[in-house]
Number of protein chains: 2
Amino acid sequence: MSQTSAHGPDSGDTTLNLDRQLCFALYATSRAMTKAYQPMLRTLGITYPQYLVLLVLWQWDSEQRDCDLCSVSALGEQLMLDSGTLTPLLKRMEQQGHVSRRRGILDERVTLVQLTDSGRSLRARASSWRSSALESLAVPQHRLADLRKELWFLLDHLQSPPSK
Amino acid sequence: MSQTSAHGPDSGDTTLNLDRQLCFALYATSRAMTKAYQPMLRTLGITYPQYLVLLVLWQWDSEQRDCDLCSVSALGEQLMLDSGTLTPLLKRMEQQGHVSRRRGILDERVTLVQLTDSGRSLRARASSWRSSALESLAVPQHRLADLRKELWFLLDHLQSPPSK
DNA sequence: ACGAGTTAGATTGTGCACAACTTAGTTGTC
DNA sequence: GACAACTAAGTTGTGCACAATCTAACTCGT
């Protein structure tokens, strides 16, 4: 009797209610986060996924030897995106002048992506916007860091389907 | 000297590294979650956003009086989506036979969305898949619930820009 | 009752995501 | 060294997201 009501079987079951769904909390928060980046991205003239590509390339730029460039698949592995998403995105970034693309010499299947000075120049503005945005966000840093760790933990388990 | 290296200013600054970004953790985990739903959604013949619409309508169906139907803007408010996203999505769901759409009688500006028997019938399968998926996910329920709460907390603060 | 202002959806255009497929280059085996 | 198997990008097609704009319907003040 506790599970049913005048509306029929299962209508009293609230486990599928929207505000109980972790999947929706993720979906909504991810989109809200993207929107929070919009004012900055608009001034840089790039989109959010393009910004993520730049994050990888900026890191690559500071860590790697210059002889070792970033391939599309290396980008895809870090961002968990495939060539169907990255190829047109990178073409647009190339047109904007933020990256250059060329085939690998040793292996002509790979496309190497390299930051241009234009792409490199966006980093400082993004970095300073981020630190001021973090400050004005009334959420303590440790809470954001914990959340990030929990997300990675969940992500790891979502990607390793235990026995499905 | 601790902030610079042979590669120039800021190259030692790791605050923009991809694995430090909460925004990317959200983006990646949200997409991974959507992919986890794919096998179930494929058997139901619907997409992930369409599933979210059904979550709202299933809830509406069990809670509301039959005289009070769900408008596009009510759907959009709950899902945080606008008509540009929902209108074509709902048209596809109408073609599939899962919902019906009609103009309001009292106010002809609103479009009322109603579950059909076909749309209602998907609930049981979704519900049972969800509970078994939750079981096979090696993450304790309390951790998922805590994560969900933290996400809503962040979402609230992202949507109320304190003084920007 | 009538026009300014508002509201609800729909429309248009761009850019992801991603499945499925194609093409071209590389590797391993014999 | 030929050829099957594999790999990396690119291509195609569908369906979101979302900004910007449009249109029709409603509200309200006078």
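Throughout, a chain's letter reflects where its sequence line sits, starting with A, and its residues are numbered from 1. Just so you know, these numbers come straight off a predicted model, no measurement behind them.
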Looking at B:R31, does any N or O in its side chain come under 4.0 Å of the phosphate oxygens OP1/OP2 on C:dC18? yes
Roughly how many Å is it from CG in A:L89 to C1' in D:dA9, rounded to a whole number? 15 Å
Would you kindly give the CZ-to-C1' distance between B:R103 and D:dA25, to the nearest whole Å? 9 Å
Separation of C:dT14 P from A:R92 CZ (nearest whole Å): 11 Å
On DNA chain C, more 5' by nearest nucleotide between A:D107 and A:T47 is A:T47
What is the distance, to the nearest angstrom, from the CG atom on B:L41 to the P atom on D:dC16? 11 Å
How many whole angstroms separate atom CD of B:E108 from atom C1' of C:dG9? 13 Å
If you look at every strand shown and take non-hydrogen atoms under 4.0 Å, does B:T34 touch a base, only sugar-phosphate, or nothing? nothing
On the side chain of B:S83, is there an atom forming a donor-acceptor pair with the base of C:dA10 - under 3.5 Å, no angle test? yes
5'-most contact on DNA chain C (nearest-nucleotide basis), A:I105 vs B:T85, goes to B:T85
Has A:Q96 got a side-chain atom pairing as donor or acceptor with A:K91's backbone, closer than 3.5 angstrom? no
So, B:T116 side chain and B:G97 main chain: donor-acceptor pair closer than 3.5 Å or not? yes
So which nucleotide from C:dA8, D:dC16, C:dG25 ends up closest to the side chain of B:S73? C:dA8
A:A32 vs A:V110, nearer the 5' end of DNA chain D by closest nucleotide: A:V110
With a non-hydrogen cut-off below 4.0 angstrom, is A:L79 in contact with a base, only sugar-phosphate, or nothing? nothing
Where is the tightest heavy-atom contact between B:R102 and B:L69, given as atom of each residue plus distance? NH2-CD1, 2.9 Å
Do any N or O atoms from the side chain of A:Q50 and from the backbone of A:L90 form a donor-acceptor pair under 3.5 angstrom? no
Could you state the CD-P distance from B:Q50 to D:dT14, rounded to the nearest angstrom? 15 Å
Using a cut-off of 4.0 Å on non-hydrogen atoms, how would the nucleic acid contact of A:L86 be classed: base, sugar-phosphate, or nothing? nothing
Is any side-chain N of the basic residue among B:R120 and B:D117 closer than 4.0 Å to the acidic one's carboxylate O? yes
Any sub-3.5 Å donor-acceptor pair from B:W58's side-chain atoms to B:G119's backbone N or O? yes
A:Q38 CD to D:dC18 C1': how many Å, rounded? 9 Å
Quick check on DNA chain D: between B:Y48 and A:R101, whose nearest nucleotide comes earlier from the 5' end? A:R101
Can a side chain N or O of A:T87 be found less than 4.0 Å away from OP1 or OP2 on D:dT11? no
Name the closest nucleotide to the B:V72 side chain, picking from C:dA19, D:dC18, C:dA10. C:dA10
Select one nucleotide: of D:dT11, C:dA17, C:dA20, the one nearest the side-chain heavy atoms of A:K91. D:dT11
Rounded to whole angstroms, how far apart are CD on B:E77 and P on C:dA8? 10 Å
Between the base of C:dT26 and the side chain of A:R109, is there a donor and acceptor pair under 3.5 angstrom? no
